[in-house]
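Worksheet for the structure shown next.
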Protein chains: 2
Amino acid sequence: MAKALSKSTKSRGEQAYSLLRHEIISGAFVPEQPLRLAQLQERCGVGFSPLREALTRLAAEGLVTSEAMRGFRVAPLSLDDLRDTMETRTFVETEALRRSIKRGDDDWEGRIVSSLHALGRQNERSNPNDPESLAALEDRHRDFHVALISASGSRRLEQIIDNLYLGSVRYRMPSLSNLSLNPARDLMIEHGAISDAALARNAPLAVDLLTAHYSLTAELLIQAHSDRLDRAANG
Amino acid sequence: MAKALSKSTKSRGEQAYSLLRHEIISGAFVPEQPLRLAQLQERCGVGFSPLREALTRLAAEGLVTSEAMRGFRVAPLSLDDLRDTMETRTFVETEALRRSIKRGDDDWEGRIVSSLHALGRQNERSNPNDPESLAALEDRHRDFHVALISASGSRRLEQIIDNLYLGSVRYRMPSLSNLSLNPARDLMIEHGAISDAALARNAPLAVDLLTAHYSLTAELLIQAHSDRLDRAANG
DNA sequence: GAACATAAAATTTTCGAAAATCTTTGATTT
DNA sequence: AAATCAAAGATTTTCGAAAATTTTATGTTC
C-alpha cells in the first residue's frame with residue numbers, strides 16, 4: 001500500500017519562509033525596515049536557526065537584503081526597479097509565450113482554458129474589500145499567466161519568470177483594488193483576447209496583446225507608486 | 001583586538017557559502033551526492049547553523065537541491081539542463097548586449113577594452129595543467145562577458161545573467177582544458193571580434209558573433225558531457 | 001561645544017546538545 | 001521467500017545560551 005504519500009511535513013524553516021514571504025508580498029512591512037530576529041521569532045513562533053534560513057532564502061530571491069553582522073531588511077521598492085522588472089518580465093514572458101505557441105499540445109490548451117475559467121469565476125465572486133478574496137484573485141491571475149507559458153520547454157525561463165513575478169507582485173498588492181477598479185480597463189476582456197490568440201496559434205498577435213497587457217499594468221503601477229511616494233513626501 | 005579587520009568581516013556563513021560554491025562549481029562533488037552536515041562541518045570548520053544557511057542559499061541559486069527532513073544534495077547535471085541553460089543564456093545576453101551597445105558610454109568601452117586585455121594576458125601565461133591558473137582564466141573570461149553587457153541599464157537582466165553563468169560554469173570546469181585546447185578554436189580571436197563589433201556599435205554583428213560564440217561553446221560542452229556520460233555507463 | 005574614547009545595551013551570529021525524523025537492521029509472521 | 005514491524009542507528013532540524021559585533025549612551029579632553 002503506497003505509503004499514503006509521505007506527509008508534506010513542512011519543516012519549521014519552510015513555515016517561516018512561507019509566512020514571511022506572504023507578509024512581505026502583501027505589504028505588511030515597510031520597505032527597508034530592519035527585520036529583527038527577536039521580533040520575528042515571536043511573530044513566527046520559531047527559533048533563530050530556521051528564521052535565519054528563511055531570511056537567507058528570501059534574500060537570495062530578492063525580497064529582503066542582508067548585510068553581514070547587521071542583519072536583514074525588507075528589500076526596497078523603487079520606480080526604477082518597478083520599470084525594470086516589468087520590462088524584463090515582458091521580454092522574457094513574450095519569448096516563453098512564442099515557444100509555447102509553437103510547442104504547446106492539447107494539455108497546454110487545456111491549462112489555458114481552465115485557468116482562464118477559474119480566473120473568471122473568482123473575478124465574479126471577488127469582493128474588493130476582502131483581502132482574502134483579492135489574494136485568491138491574484139493567485140488565479142498568476143495561474144493563468146503561468147499556464148500561458150507552460151509549454152515553453154525551458155525550465156530556466158520558467159524559473160526566471162517565477163522570480164520576476166515575485167519581484168513585481170509587491171508593487172501590485174497594496175493597490176490591487178485601484179487597479180481592477182480602473183474604469184478604462186476590463187481585465188477579463190484582455191485575458192480572453194490573449195487566450196484566444198494563443199489558442200489560435202497566432203504568435204505575433206498574442207505577443208502584442210500580452211505586451212500591451214503588461215504595458216498598461218506597468219503604467220498603472222508606476223502611477224500608483226508615484227502617488228504613494230508623493231503622499232509619503234507631502235502628507 | 002581579536003582580528004583587526006572589522007569592516008570587511010565575512011561571517012562564517014558567508015565563508016561556508018563561498019567555499020561550498022567554489023567546490024561545487026569546480027566539480028569537487030559528484031552530482032546528486034548527499035551533502036552530509038557532519039562531513040561538511042569538518043570540511044568547512046563551521047557549525048550547523050551557518051552551514052545550513054549556506055546550503056539554503058545555494059539551493060535558492062540552483063547549485064544544490066533540498067528536500068524537507070532529508071537534507072541537501074549537489075544539484076544534478078543533465079544534457080537537457082545544459083542545452084536549456086546555454087540557450088537561455090544566449091537569449092538574455094544578446095538582449096543585454098543590444099541595450100549596452102545602444103546605451104554604453106566611454107566607461108563601458110573602457111571596461112570592455114581593459115577586461116579583454118586582462119583576458120589576453122591571463123591567456124598568455126595560462127598553464128593548462130595548473131588548476132589555479134585555469135580558474136583565473138575562467139574569472140577573466142567571465143569578467144569580459146560581464147563587461148560586454150554592463151551598460152544594459154537593467155539590474156534584473158544582470159542578475160539573471162549572473163545566475164545563468166553560475167548554472168553553466170559547472171559544465172565547463174571539468175573540461176576547460178579540452179575546450180581551450182580545441183585546435184579548431186581560437187577564443188581570443190572570437191572575443192576580439194565581439195569586442196570590435198560592440199565598440200563599433202554594430203549591434204547585429206555583435207549579436208551574431210556572441211550567438212556563434214555561445215553556440216560553439218554549447219556544442220563542445222554537450223559533446224564533452226555526452227562523452228562523460230558514456231564513460232560512466234560503459235567504462 | 002566638538003572630537004574622541006569607553007562602557008553599556010542591543011542585536012546578530014555561532015555553537016553544541018537535544019528533539020524530531022528518516023533509514024537500516026533483524027527478528028517474526030504469513 | 002516476501003512482507004511486516006519495532007528497535008537501533010544515522011542524520012537532519014530545532015532550540016536557547018553564549019560569543020561576537022554593532023549601536024547607543026556616557027564621560028573626558030581639548
Side-chain angles (χ1 to χ4, degrees), chain A residues 1-21 23-24 29-61 63-76, chain B residues 1-21 23-24 29-61 63-76:
Chain A
M1 56 185 57
K3 202 60 177 328
L5 262 181
S6 60
K7 291 190 304 183
S8 51
T9 26
K10 262 197 183 177
S11 71
R12 263 150 131 122
E14 285 179 273
Q15 283 177 249
Y17 165 78
S18 299
L19 178 58
L20 287 175
R21 179 184 142 127
E23 300 216 313
I24 292 174
F29 299 106
V30 178
E32 311 213 46
Q33 170 186 349
L35 292 164
R36 307 260 173 241
L37 275 314
Q39 186 180 320
L40 263 46
Q41 189 174 27
E42 195 162 329
R43 190 163 190 155
C44 304
V46 307
F48 289 124
S49 309
L51 214 41
R52 286 184 58 84
E53 274 174 49
L55 289 167
T56 300
R57 186 169 163 197
L58 289 166
E61 293 173 354
L63 247 33
V64 318
T65 62
S66 85
E67 207 174 346
M69 298 291 154
R70 292 196 194 182
F72 301 85
R73 291 166 173 273
V74 179
Chain B
M1 44 148 115
K3 298 256 177 128
L5 32 98
S6 62
K7 204 64 179 180
S8 65
T9 267
K10 258 196 181 179
S11 72
R12 252 105 133 130
E14 285 179 273
Q15 284 175 248
Y17 166 77
S18 299
L19 178 58
L20 287 175
R21 179 185 141 127
E23 301 216 313
I24 292 174
F29 299 106
V30 178
E32 312 212 46
Q33 170 186 348
L35 292 164
R36 307 256 173 245
L37 275 313
Q39 187 181 320
L40 264 44
Q41 189 174 27
E42 196 163 327
R43 189 165 191 152
C44 303
V46 307
F48 289 124
S49 310
L51 215 41
R52 285 184 59 85
E53 274 175 48
L55 289 167
T56 301
R57 187 170 163 196
L58 289 166
E61 292 173 353
L63 248 32
V64 319
T65 61
S66 85
E67 207 174 346
M69 298 291 157
R70 293 200 195 179
F72 302 85
R73 292 168 172 271
V74 179

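The sequence lines fix the lettering, A, B, ..., with proteins before strands; numbering per chain opens at 1.
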At under 4.0 Å, does any side-chain N or O of Arg52(B) touch on OP1 or OP2 of dT13(D)?
-> yes
Protein-nucleotides 6-11 of chain D N/O pairs under 3.5 Å:
residue	atom	partner	partner atom	Å
dT11(D)	O3'	Arg36(B)	NH1	3.3

Rounding to a whole Å, what distance do you find between Glu42(A):CD and dT11(C):P?
-> 13 Å
Over how many whole Å does the gap from Glu67(B) atom CD to dT12(D) atom P extend?
-> 12 Å
Step by step, would you call Leu20(A) with Val64(A) a side chain to side chain contact (heavy atoms under 4.5 Å, CB included)?
-> CA-CA 10 Å; Leu20(A) 287 175; Val64(A) 318; over 6 Å; no
Thr65(B): partners by side-chain contact (heavy atoms from CB on, under 4.5 Å), with sequence neighbours left out = Arg73(B), Ala75(B), Pro76(B)
Roughly how far, to the nearest 0.5 Å, is CZ of Arg57(A) from CG of Leu63(A)?
-> 11.0 Å
Gln15(A) CD to dA20(C) P, straight-line distance once rounded to whole Å | 14 Å
To the nearest angstrom, how far is Leu55(A) atom CG from dT11(C) atom P?
-> 16 Å
Rounded off to whole Å, could you give me the CG-to-P distance for the Leu51(B) and dT13(C) pair?
-> 16 Å
Checking all strands, does Gln39(B) fall into the base, sugar-phosphate, or nothing category for heavy-atom contacts under 4.0 angstrom?
-> nothing
Using atom CE of Met69(B) as one end and atom C1' of dT21(C) as the other, report the distance to the nearest whole Å.
-> 6 Å
Of all the heavy-atom pairs spanning Lys10(B) and Gln15(B), show the shortest one and how long it is.
-> O-OE1, 3.7 Å
Value in whole Å for how far the P atom of dT12(C) lies from CZ of Arg73(A) | 10 Å
With a 4.5 Å heavy-atom cut-off, do Leu35(A) and Val74(A) have their side chains touching?
-> yes
For residues 41-51 of chain A, which side-chain donor-acceptor pairs fall under 3.5 Å, sequence neighbours excluded?
residue	atom	partner	partner atom	Å
Arg43(A)	NE	Glu23(A)	OE1	2.8
Arg43(A)	NH2	Glu23(A)	OE1	3.2

Enumerate the protein-to-nucleotides 15-19 of chain D contacts in which both atoms are nitrogen or oxygen and the separation is below 3.5 Å.
residue	atom	partner	partner atom	Å
dC15(D)	OP1	Arg12(A)	NE	3.0
dC15(D)	OP1	Arg12(A)	NH2	3.3
dC15(D)	OP2	Gly47(A)	N	2.7
dC15(D)	N4	Ser49(A)	OG	2.7

List for me each residue that meets side-chain contact (heavy atoms from CB on, under 4.5 Å) alongside Arg52(B), sequence neighbours excluded, and say none if there are none.
-> Glu53(A), Leu37(B), Phe72(B)
Whole-Å distance, Lys10(A) NZ to dT21(C) P, equals 16 Å
For Gln39(B), which residues count as a side-chain contact (heavy atoms from CB on, under 4.5 Å) partner, sequence neighbours excluded?
-> Gln33(B), Arg36(B)
Separation between CG (Leu40(B)) and CZ (Phe29(B)), nearest 0.5 Å, reads 5.5 Å
